Amino acid sequence: MQLKLTDVLAPTTSGIPKQEPLRFERTWPENLRFLLSAAYDGAKGKAYLKLYNPHTKRVELLEDNTGHLPYCYSDLDESELRAALKETIERLVGFERVRLFDALRQQEKTMTKAIAKDPLTIGGRAYSVREKVTAWEADIPYHLNYLMDRGLIVGAPYLLGEDGRLTLYTMDTSEAISIARRLKGVEERDLELVADWIRLLEADQPDLPVCGIDIEVANPIATRVPDPSKAEDKVVAVAIRGSDGRKDVHVLVEGAGPSTVEGDGYRMITHGSEREMLEEVFAVLDSEYAVIATFNGDDFDLPYLRNRAERLGIPKEKVPIVLGREGATFVRAVHVDLYSFFLNKSIQIYAFDNKYREFTLEGISQALLGKGKVKIEEPISSLSAVKLAEYCMNDAELVYNLLTFEDRLVLRLMMVLCRISRLPVEDLCRHGVSGWIKNLLYFEHRRRGWLIPRKEEILEVKGGTVTKAVIEGKKYRGAIVVDPAPGIHFDVKVVDFASLYPSVLARWNLSYETIRCPHEECRRNLVPETPHWVCTKNRGLQSSIIGALKEVRVGLYKPRSSDKSLPEGQRRWYDVVQKATKVFLNASYGVFGFEEFPLYCPPLAESTAAIGRYVFKSAIEKVRELGATVVYGDTDSLFLKGADGAILEKLIRWAATELGLDLEPDKEYVYIVFSSRKKNYLGLTSKGVVDVKGLTGKKRHIPDFIREAFNSMLQELANVRTPEDLETVKRHIADLIKTWHRKLRKREFELSELAFSVMLSKQPESYTETTPPHVKAAKILQQHGVQVTSGDIIRYVKTKDKVGVAPLHPSVKISKDQVDVEKYIEYMRSTFEQVLDSLDMDFDVIVGVGSLEQFFA
DNA sequence: GCGGACTGCTTACCT
DNA sequence: ACAGGTAAGCAGTCCGCG
């Protein structure tokens, strides 16, 4: 059955005119610039912008000429403010009465705007305005405030006028609206917002000159990481890998004169003087690249270089590094810290599909590039110049590759995320997805002339939650998981609601200002299972903006990312946009249930989940009414048996008309195996892939030995097409279990195959309640002088001795005899049982527990 | 003093 | 520092047992 929903329900996206191929390095007007970042120049007391000029391939700095100043709002009047701000009054320029829209109370409000000479007067000092009076919008970093007030979006192209004015350079609004109009499901009232997203996401992009850098420091104590704030030790190597082909590694060889040697695919430049070496490096970093990437440069490389330069007496104007409170950047380039970017959970999960686990250069590079660091046996300070050069160059190469692999995927992803969040790249890298959404919503408030509410205000006006979570300690009830029907089921079809929570947000007008709004007449518009109501008079801010983003993702970028008729380069770009929008949509509900989010609104998060449950339950009921069976379901997906094409079509049409939501056919399983456990199943999809969810056999911490044994079972299961095939395959599975079991018994394994690898999520000392095995192993490592920190993956094997575990590490000697084989058999048993249960098989019977055969094995 | 039942902690997963 | 829901292993504790 091939149900083509789009044919039934809505016009396809093929009705949308295809864009001309994306325009990289095409002919742009002479005054075209790309906005890369904004910053504050403390010395001049002014904001400035970093603009990339694609014609000269250089970054230009544009100082503010609008007279913009830092400010915040207060509900006191001028005289009250003057009295309260006596200590800092000379740093204030003045006060203005302003009218703003108070969205919480849905009414205009008069506020006093306190305008300051510098950002620290607003916040950051003991006498700052926000310390002395209740202030609004006083926590926004000044450079972000500046971008918001000028409506400027980083990552977007602008035309630079003679007067320094910047005009967004994109397709016309009318053109964007005509595209928006053809997307299905876009309401007339949201057309403009949808068009705005399209303009922004379709805008041209430059091929920025980029590089990756890495430094090495000679520290006398090998186990201690050098302190960048002191920068006491010499910088012995700096490597730069650039998109212009530069592969330079500068190495300090004291006593020797300057020389340039061609290394293996790179240039090694030796310096007799550290100072001269750094000056030469600084000159390159101050002019050649628009984007400079590091791995942990915010916390190490850049502050180290900056402070080391100062120690060496290099004049300030020759050091292009700017240190800020949150990190570091360059004067004429933007800094991208890949470490903090990859640390971002949303990036890890949604953009990279959980492909990397560890947040080290080695771990991430291995997972994404299939390459790693150069192995060295000695400490940095005792490496030969050539070895050091090779090591440092390789790291810079990895950094560069991480930024640029797959057609600059990461760089493009960052630039799209900047466009969506309206953040500069540096800020984007440093903040989590809640920071991104915060900035987007703040920006929209400013655009509309709305006052950004204070966190306490929202809580006071909107109140808390009323539902009870299933998990103790959670704030409200979440999604429903249907009990799976245990056993093997043939011909199962899955349908799911496309981006359920964002759709609910959009469809039910959910926003912090529309939930429990002040209008009496809206109180009847209740959210199921709660006493909350939703505004019927005004369109919610975040409801419309997230809704619009969802429409462009679903209507444009998702289909285009897999549209084989498009050129590959273009498809890749659409995949980047598709990924970036996914990250935003996925987080758009959760942030409102996150206490630290400045627009935290418990009833809003609670209502979103409640409507999600309502929708889900209604769908289950509808399935039954249509005569099919729900064999499993989780949050937004339904696994159906006995649902033919006609039933699916009816179901989907029902969801569209009755709920206004997209229910989509997802996978089809030839067969699927459920135990009684939720979030645990295995099935063969119609595409011939064995899909495994949640089973221990696929968890990443388990020993390779067990995973391999489990995978060999999956290979067998891939051969099952009909119930008849099952018996043969079950026999094969029994055989293979016997084989793997025998291998374990006879100790035919390498220690490394038996290693559990579990992440240490805190410092070992911080485990006060219990001492889990991986923590025991970590503590043993410490006793052997091995450094362990939070975030490390600890590898250990289970042993027969009293401790029960031994870390697997070169510095700890263990032998195969120490292994507790019984424990591993037990682990293997429980891993397999999750599947065998439902196939009417029994691990113990297969391996013959208590049998003579086993006794003599 | 010992073992089973139970609870809470921890990690990894699913949506 | 997006959310809640689920599974599993293990450490530690409670409880019964003349």
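This one's a predicted model, so the numbers in the text were calculated from it and none came from an experiment. Reminder, nothing fancy here: chain letters follow the sequence lines and each chain counts from 1.
Distance check, rounded to the nearest 0.5 Å: CH2 of A:W436 to CG of A:L428 gives 5.0 Å.
If you check residues 462-470 of chain A against DNA chain C, the residues with a heavy atom closer than 4.0 Å are A:A469, A:V470, listed by number.
Closest to the A:R677 side chain, of the nucleotides C:dC10, C:dG4, C:dA8, is C:dA8. When the nucleotides C:dG12, C:dA8, C:dA3 are ranked by their closest atom to the side chain of A:T696, C:dA8 comes out on top.
Taking 4.5 Å as the limit, every side-chain heavy atom of A:V495 sits out of range of all side-chain heavy atoms of A:D666. When side chains are defined from C-beta on, A:M828 does not count as touching A:V847, because their heavy atoms never get closer than 4.5 Å.
Under the 3.5 Å distance criterion, the side-chain polar atoms of A:N509 are matched with a main-chain donor or acceptor of A:G540. Proximity of a side-chain donor or acceptor of A:E668 to a complementary backbone N or O of A:T685 within less than 3.5 Å is not detected. Listed for the A:Q834 side chain is no donor-acceptor partner under 3.5 Å among the backbone atoms of A:S675. Without hydrogens or angle criteria, A:N439 side chain to A:S421 main chain gives a donor-acceptor distance under 3.5 Å. With A:E444 contributing its side chain and A:Q542 its backbone, the two residues share no donor-acceptor pair below 3.5 Å.
If you check every strand for non-hydrogen atoms under 4.0 Å, A:Y501 touches nothing. A:S588 comes within 4.0 angstrom of no nucleic acid atom, judged by non-hydrogen atoms across all strands. A:G590 comes within contact range of at least one nucleobase, with a heavy-atom separation under 4.0 Å. Counting non-hydrogen atoms under 4.0 angstrom, A:R430 reaches the backbone sugars and phosphates but no base.
Both tests do not hold together for A:K776 against A:Y796: distance to the six-membered ring centre under 6.0 Å, angle to the ring axis within 45°. Geometric assessment of A:R624 against the ring of A:W654 yields a negative cation-pi assignment under the 6.0 Å and 45° thresholds.
For the pair A:Q834 CD and C:dG9 C1', the computed distance is 12 Å after rounding to whole Å. The CD1 atom of A:I706 sits 10 Å away from the P atom of C:dG9 (whole-angstrom rounding). Distance, A:D353 CG to B:dC14 P: 11 Å, rounded to whole Å. As rounded to whole Å, 17 Å separates atom P of C:dG4 from atom NZ of A:K678. Rounding to whole angstrom units, CG of residue A:D634 and P of B:dC14 are separated by 10 Å. In this structure, A:L604 atom CG and C:dA3 atom C1' are separated by 12 Å, rounded to whole Å. With rounding to whole Å, A:I437 atom CD1 is found 13 Å from C:dA1 atom P. Note: CG (A:N586) to P (B:dC14) measures 15 Å, nearest angstrom.
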Could you write out each protein N or O paired with an N or O of nucleotides 1-4 of chain B at a distance under 3.5 Å?
none

What verdict does the salt bridge (Lys or Arg N to Asp or Glu O under 4.0 Å) test give for A:D636 and A:R613, after you've listed the backbone C-alpha separation in whole Å, the side-chain angles of each residue and the deciding distance to 0.1 Å? CA-CA 9 Å; A:D636 57 3; A:R613 289 194 298 277; over 6 Å; no
With sugar-phosphate taken as primed atoms, P, OP1 and OP2 and all else as base, the protein-contact string of nucleotides 6-13 of chain B at under 4.0 Å (heavy atoms; B, S, -) is ---SSSBS
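Here the options are A:F749, A:F756, A:W740, the test is ring-ring contact (aromatic ring centres under 6.0 Å, His included), and the partner is A:Y824; only A:F756 passes.
Contact annotation: A:T635 does not reach the phosphate of C:dG5 (side-chain N/O to OP1 or OP2, under 4.0 Å). OP1 or OP2 of B:dT15 has at least one side-chain nitrogen or oxygen of A:Y681 nearer than 4.0 Å.
Around CZ of A:F359, the count of heavy atoms belonging to other residues, nucleotides or ligands within 6.0 Å exceeds 12.
Comparing A:G432 and A:K475 against DNA chain C, the residue whose closest nucleotide sits nearer the 5' end is A:G432. Heavy-atom distances to DNA chain C give each of A:I349 and A:E826 a nearest nucleotide, and the one nearer the 5′ end belongs to A:I349.
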